[in-house]
Amino acid sequence: MPFDATLVRWPGAGSWVFAPVPAEHAPETAGSFGRVPVTATVDGRTWSTSVWRDRAAGWLLPVPARIRHGKDDGDVVTIEVQVDPARL
């Protein structure tokens, strides 16, 4: 089920951009290193990636520039994530 999220630029080196994943759309448990492989769709663009569990921020979906197409920190995107059982 799709949901809307506001992109967040993580502070520090690398400046990754993440979309927070609400608990009701997140995996039930974290895998190795707090990651779970998923198939993600952001604004109609689909790719294989992982969601990450951060103790303070909760579940985060890294959204690369090639997927964001000009959107950045503070922009709202529509997301759908599905755990990829073939990659567990």
Side-chain angles (χ1 to χ4, degrees):
M1 175 170 285
F3 61 93
D4 289 340
T6 302
L7 296 174
V8 177
R9 183 168 293 278
W10 204 257
S15 298
W16 286 59
V17 174
F18 293 94
V21 177
E24 61 269 20
H25 297 280
E28 293 180 15
T29 60
S32 338
F33 305 104
R35 295 182 183 183
V36 175
V38 298
T39 299
T41 302
V42 172
D43 288 347
R45 295 171 193 95
T46 302
W47 80 108
S48 293
T49 186
S50 296
V51 289
W52 303 354
R53 178 91 193 260
D54 180 81
R55 291 183 196 268
W59 287 97
L60 300 169
L61 172 69
V63 185
R66 67 181 171 81
I67 299 295
R68 290 185 274 124
H69 282 261
K71 290 190 175 180
D72 208 334
D73 185 45
D75 291 327
V76 176
V77 293
T78 300
I79 298 172
E80 188 167 2
V81 291
Q82 295 180 325
V83 172
D84 185 349
R87 295 177 36 225
L88 285 175

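None of these values were measured; they are calculated from a predicted model.
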Stepwise, does the side chain to side chain contact (heavy atoms under 4.5 Å, CB included) test hold for L88 with V83? CA-CA 8 Å; L88 285 175; V83 172; 4.2 Å; yes
Could you list who else is in F33's hydrophobic cluster, with ILVMFWY side chains joined at under 4.5 Å, directly or through other members? none
With R35 via salt bridge (charged side-chain N to carboxylate O under 4.0 Å, His left out) - residues at least two apart: none
Roughly how far, to the nearest 0.5 Å, is OG1 of T39 from CZ of R87? 6.5 Å
Examine V38 and W47 and state if one hydrophobic cluster contains both, with Ile, Leu, Val, Met, Phe, Trp and Tyr joined whenever side-chain heavy atoms are less than 4.5 Å apart. yes
Which atom names give the shortest non-hydrogen contact between V36 and T29, and what distance separates them? CG2-O, 3.3 Å
Student check: side-chain heavy atoms of R53 and P27 closer than 4.5 Å: no
The complete set of side chain to side chain donor-acceptor pair (under 3.5 Å) pairs with one or both residues in residues 55-73, sequence neighbours excluded, reads R9-D72, D43-K71, R45-H69
According to side chain to side chain contact (heavy atoms under 4.5 Å, CB included), who are the partners of P62, at least two apart in sequence or on a separate chain? W16, F18, T49, W52
Could you report the tightest heavy-atom contact between A56 and D54, atom names first, then the distance? N-OD2, 3.0 Å
Does CD belonging to E24 count more than 12 external heavy atoms closer than 6.0 Å? yes
Considering the options I67, V51, L7, V77, which one meets the side chain to side chain contact (heavy atoms under 4.5 Å, CB included) requirement together with L61? V51
Contacts of P2 meeting side chain to side chain contact (heavy atoms under 4.5 Å, CB included) (sequence neighbours excluded), chain-then-number -> T78, E80
Of the non-hydrogen atoms in A40 and V81, which two are nearest, and what is the gap between them? CB-CG1, 4.1 Å
Among residues at least two apart in sequence or on other chains, which ones pass side chain to side chain donor-acceptor pair (under 3.5 Å) with T6? none
Which atom pair, heavy atoms only, marks the closest approach of S50 to P37? OG-CA, 3.7 Å
What are the two closest non-hydrogen atoms of P20 and A5, and how far apart are they? O-CB, 3.6 Å
